[in-house]
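Right, one structure below, let's go through it.
Predicted model, so just to flag it, every value in this text is computed and none were measured. We count residues from 1, following the sequence as given. Both ligands and their constituent atoms are indexed starting at 1 by order of listing.
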Amino acid sequence: VVQPTPIQIFPSLLAADFGNLETAARKAEAAGADGLHLDIMDGHFVPNLSMGPDVVKMARRCVQLPLNVHLMMTRPDPYLARFIYAGAGTLLIHIEADCHVARALQTIRALGSSPGITFNPGTPVSAIFPVLHLVDEVLCMSVQPGYGGQKFMPSVLPKIREIAKASFARGCKLRISVDGGIDMRTAPQVAAAGATLLIAGTSLFGARQMKTAISRMRKLAEATRRHSCSKVATP
Ligand code: DX5
Ligand code: ZN
């Protein structure tokens, strides 16, 4: 019997009130989130600046949830250890980063965190295949990274399908996540394509009741998800 893949929902702290990040992290946990997504921007890889390792440390202190840390940085390599010691359970770097990506992914694992690779909407999915054996998670960007609240790009859907196929061929050990413009309309689309971890900022932090929004998003995604893969663990 093939077990259906559980759908995980990770609110993105970027959409929270920056004057109350601790409250926001606790709110996500209380609302039934499976983890928390933290966006780190360097003002170079993307035009925006956001948060650093101390915000990760704060989140680690106040919630039990797995922390999924997304580095939008041209040079992530000198900072890997700081984010891992701050509490990043998963550390994601971009394939477009200006560093030795394979070595950086190996360093993340050696330092005790779960390595993930992510890629921009303009990057072909084939770019990540050479490092697929080094990662636990593939994050498909469905907007241009840098800002929350942007419109979902459907061009990500065939990419998710291709990664799901590659993951199936490898025994379904990959978490396939999507980031950008995920809401009640797009969540079922990405789940149908094979995504197992949905990252959502605006639609969850902007919801009247985050708890209701998370359970609704989960239900909608589970109704359309692919049933080909079994359990995918998140550290
Ligand atoms: C965008 C970030 C996303 C962002 C998503 O650069 O990587 O994580 O928070 O926000 P929404 O869900 O509002 O598109
Ligand atoms: Zn992100």
**Study point:** Name of the D39 atom (N/O/S only) found closest to the Zn ion (ligand 2)
**Key:** OD1
Practice item. Mark up the atoms of ligand 1 that fall under 4.0 Å of a heavy atom belonging to G146, in ascending order. Key: 1 (C), 6 (O)
Check your understanding: Is there a donor-acceptor contact under 3.5 Å linking the side chains of H37 and D179?
Key -> yes
**Study point:** Heavy-atom nearest neighbour in the protein, as seen from atom 12 (O) of ligand 1, with distance rounded to 0.1 Å
**Key:** G201 N, 2.8 Å
Check your understanding: Under 4.0 Å from ligand 1, counting heavy atoms only, is it the side chain of D39, its backbone, both or neither?
Key -> side chain
Exercise for review: Compute whether any side-chain donor of one residue and acceptor of the other, for T107 and D77, lie under 3.5 angstrom apart.
Suggested key: no
**Study point:** Carboxylate-amine/guanidinium contact D42 R75, below 4.0 Å
**Key:** no
Check your understanding: To which protein heavy atom is atom 1 (C) of ligand 1 closest, and what is the distance rounded to 0.1 Å?
Key -> Y147 O, 3.5 Å
Practice item. Say whether L21 and L49 are linked into one hydrophobic cluster, either directly or through other cluster members, by side-chain heavy-atom distances under 4.5 angstrom. Key: no
Check your understanding: Under 4.0 Å from any heavy atom of A200, which atoms of ligand 1 are there?
Key -> 12 (O)
Exercise for review: Tell me whether V55 is reachable from Y147 by hopping between hydrophobic residues (I, L, V, M, F, W, Y) whose side-chain heavy atoms are closer than 4.5 Å.
Suggested key: no
Check your understanding: Is there any N or O on G181 that sits under 3.5 Å from an N or O of ligand 1?
Key -> yes
Practice item. Go through ligand 1 atom by atom and flag the ones less than 4.0 Å from a non-hydrogen atom of H70. Key: 7 (O)
**Study point:** E137 side chain to L174 backbone, donor-acceptor under 3.5 Å
**Key:** no
Check your understanding: Quick one: which of D179, L13, N48 has a heavy atom closest to atom 3 (C) of ligand 1?
Key -> D179
Check your understanding: Can you list the ligand 1 atoms lying under 4.0 Å from a non-hydrogen atom of G180?
Key -> 14 (O)
Exercise for review: Tell me which N, O or S atom of D179 sits nearest to the Zn ion (ligand 2).
Suggested key: OD2
**Study point:** Atoms of ligand 1, numbered as shown, that sit under 4.0 Å from any heavy atom of G148
**Key:** 10 (O), 13 (O)
**Study point:** Under 4.0 Å to a heavy atom of T202 - the qualifying atoms of ligand 1, by number
**Key:** 11 (P), 12 (O), 13 (O)
Review point. Using a distance-only test with no angle check, is there a side-chain donor-acceptor pair under 3.5 angstrom linking R175 and T90?
Key: yes
Review point. Is the shortest distance from a Lys or Arg side-chain nitrogen in R26 or E22 to a carboxylate oxygen in the other one below 4.0 Å?
Key: yes
**Study point:** Donor-acceptor pair between D98 and T74 side chains, under 3.5 angstrom
**Key:** no
Review point. Considering only the protein, which heavy-atom contact is closest to atom 11 (P) of ligand 1, and what is its distance?
Key: G149 N, 3.6 Å
Review point. Does A15 reach ligand 1, in the sense of a heavy atom lying below 4.0 Å from it?
Key: no
Point to revise | Interfacing atoms of ligand 1 (cut-off 4.0 Å, heavy-atom, M72) | key: 6 (O), 7 (O)
Practice item. Classify the contact between S12 and ligand 1 as side chain, backbone, both or neither, using a heavy-atom distance cut-off of under 4.0 Å. Key: side chain
Review point. Is E162 salt-bridged to K159, cutoff N-O under 4.0 Å?
Key: no
Check your understanding: What residue among V138, T123, L139 forms side chain to side chain contact (heavy atoms under 4.5 Å, CB included) with T118?
Key -> L139
Study note, to complete from the structure: The atom name of the N, O or S atom in H70 nearest to the Zn ion (ligand 2) is ND1
Check your understanding: H37 heavy atoms, cut-off 4.0 Å: which ligand 1 atoms fall inside?
Key -> 8 (O)
Exercise for review: For H100 and R103, indicate whether the former's side chain and the latter's backbone hold a donor-acceptor pair under 3.5 Å.
Suggested key: yes
